[in-house]
Amino acid sequence: MQRKCTIGFKIRLIHNQIHKIMEAKCAENEDGLTGMQRWIIGFLIDHDGKDVFQRDIETAFSVSRATASNMLSVMERRGFIAREPVASDARLKKLVVLEKARKMRERARRDVVEMEARIVEGMGDEDVERLTALLDRILWNLGVEPENMEPCGLPGHPDDRPAHQPASVR
C-alpha cells in the first residue's frame with residue numbers, strides 16, 4: 001500500500017493543513033499565541049468557575065506534562081493566564097484566565113467556526129455525523145477514551161452515549 005493512500009497519512013495531511021491555516025490566523029490576529037494555546041484558553045473559559053489544573057490540560061489535550069508546563073508557562077509570561085495556589089493544598093496551582101485572554105476569545109472562536117465550516121463544506125448533516133462517529137472510533141481504537149474527551153455538543157452528536165464505548169458507526 002502506498003503511504004499517500006493510508007488513513008494515517010491523510011489524517012496527518014489534514015492536521016498539517018489545519019495547523020498551517022490556524023497559525024496564519026493567529027499571526028494575523030497578532031495575539032502571539034499558538035493555535036493550541038488558544039484552544040487551552042477556550043477550555044479554561046468554558047470551565048470558568050471550576051478549579052482547573054495543569055493535569056486537566058494534559059488529559060483534555062492528550063499532551064505530556066512537559067508540553068503542558070511549557071505552553072502554560074509561556075501563556076503566563078505573556079499575561080494570558082495566572083497560576084494561583086489552592087487553599088486546600090499549597091502545592092496545587094489552579095489556572096486562571098486573565099482579561100487579556102478573555103478579550104481575544106471571541107476572535108479565536110470566530111476562527112474556529114470558520115475552520116469548522118471550511119472542513120465540512122459540501123457535507124450534509126448525516127455526513128458530518130458519520131465523520132464525527134468515525135473519528136471517535138479512531139480515537140477509541142488509539143486509546144483515547146470518551147471520558148478523556150470533552151463533549152462535542154455538535155448537532156447529531158450524542159453526548160450522552162455510554163462512557164465505555166464510542167459513538168456507534170453505521
Side-chain angles (χ1 to χ4, degrees), residues 11-12 14-121 123 125 128-129 131-132 135-136 139 144-161 163 166-167:
I11 289 172
R12 184 67 180 174
I14 292 166
H15 168 267
N16 289 346
Q17 196 61 22
I18 291 170
H19 180 76
K20 185 169 101 177
I21 292 167
M22 293 304 284
E23 291 301 318
K25 285 189 174 291
C26 291
E28 221 175 80
N29 294 330
E30 300 176 5
D31 56 26
L33 293 173
T34 65
M36 178 62 91
Q37 290 166 332
R38 292 171 100 201
W39 279 105
I40 290 171
I41 287 172
F43 177 86
L44 293 173
I45 290 172
D46 290 345
H47 291 83
D48 231 356
K50 298 176 188 162
D51 288 350
V52 177
F53 303 96
Q54 178 178 318
R55 69 175 176 257
D56 298 317
I57 300 300
E58 295 165 15
T59 301
F61 294 95
S62 295
V63 295
S64 70
R65 188 172 164 184
T67 297
S69 178
N70 188 25
M71 284 189 296
L72 294 170
S73 293
V74 169
M75 293 166 68
E76 187 175 23
R77 272 196 313 275
R78 292 186 179 164
F80 289 98
I81 65 165
R83 297 181 208 217
E84 295 180 355
V86 179
S88 62
D89 187 345
R91 294 171 299 172
L92 284 177
K93 307 283 188 230
K94 68 179 177 178
L95 303 172
V96 178
V97 180
L98 301 177
E99 190 57 33
K100 184 176 181 180
R102 291 184 189 285
K103 288 181 181 176
M104 58 74 55
R105 169 59 186 213
E106 189 52 41
R107 190 172 52 241
R109 188 176 298 227
R110 276 193 313 268
D111 291 346
V112 170
V113 168
E114 287 173 15
M115 177 55 70
E116 287 294 307
R118 192 167 174 183
I119 289 169
V120 300
E121 189 174 329
M123 295 182 200
D125 290 344
V128 174
E129 183 178 339
L131 176 59
T132 301
L135 293 171
D136 282 350
L139 288 166
V144 180
E145 297 183 19
E147 63 265 15
N148 294 332
M149 295 190 297
E150 283 293 302
C152 295
L154 297 172
H157 185 84
D159 292 330
D160 57 351
R161 66 183 179 266

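All values derive from a computational prediction rather than experimental measurement. FYI, side chains are in, hydrogens and waters are out, and symmetry mates aren't considered; it's all heavy atoms of this structure.
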So, for [X] and [Y], which heavy atoms are closest and what is the spacing to 0.1 Å?
X   : Y    : answer
P85 : A90  : CB-O, 4.4 Å
I45 : A101 : CD1-O, 4.4 Å
A68 : I57  : CB-CG2, 4.4 Å
S69 : R83  : O-NH2, 3.6 Å

> So do the side chains of M71 and F61 get within less than 4.5 Å of each other, counting heavy atoms only?
Replying inline: no

> Are the side chains of R105 and D46 in touch, meaning some heavy atoms are under 4.5 Å apart?
Replying inline: yes

>> Could you walk me through whether R38 and V112 satisfy the side chain to side chain contact (heavy atoms under 4.5 Å, CB included) test, starting with their C-alpha distance in whole Å, then the side-chain angles of each, then the deciding distance to 0.1 Å, before giving a yes or no?
In response: CA-CA 10 Å; R38 292 171 100 201; V112 170; over 6 Å; no

>> Heavy-atom count check: over 12 atoms from other residues, nucleotides or ligands less than 6.0 Å from R12 CZ?
In response: no

>> If you count heavy atoms of other groups shown closer than 6.0 angstrom to CD of E121, is the number above 12?
In response: no

>> Apply side chain to side chain contact (heavy atoms under 4.5 Å, CB included) to residues D111 and M115 and explain how you reach the verdict.
In response: CA-CA 6 Å; D111 291 346; M115 177 55 70; over 6 Å; no

How far does [atom1] of [X] sit from [atom2] of [Y], to the nearest 0.5 angstrom?
X    : Y    : atom1 : atom2 : value
K94  : L44  : NZ    : CG    : 12.0 Å
I14  : L135 : CD1   : CG    : 8.0 Å
I40  : I81  : CD1   : CD1   : 8.0 Å
D136 : L131 : CG    : CG    : 9.5 Å
E106 : R109 : CD    : CZ    : 6.0 Å
M22  : M36  : CE    : CE    : 12.0 Å

>> For a side chain to side chain contact (heavy atoms under 4.5 Å, CB included) check, start with the C-alpha distance between K93 and L72, then their side-chain angles and the critical distance, and finish with the verdict.
In response: CA-CA 12 Å; K93 307 283 188 230; L72 294 170; over 6 Å; no

>> As a test of understanding, state which of V86, L95, T59 forms a side chain to side chain contact (heavy atoms under 4.5 Å, CB included) with F53.
In response: V86

> Which word best sums up how the rings of H47 and F43 line up, parallel for under 30°, tilted for 30 to 60°, or perpendicular for over 60°?
Replying inline: tilted

> Going through the checks in order, is the side chain to side chain contact (heavy atoms under 4.5 Å, CB included) test met by R118 and I21?
Replying inline: CA-CA 11 Å; R118 192 167 174 183; I21 292 167; 3.6 Å; yes

>> I'd like to know if K50 and D56 make a salt bridge, using a cut-off of under 4.0 Å between side-chain N and carboxylate O.
In response: no

>> Any side-chain to backbone donor/acceptor pair from K100 onto V97? Under 3.5 Å, distance only.
In response: no

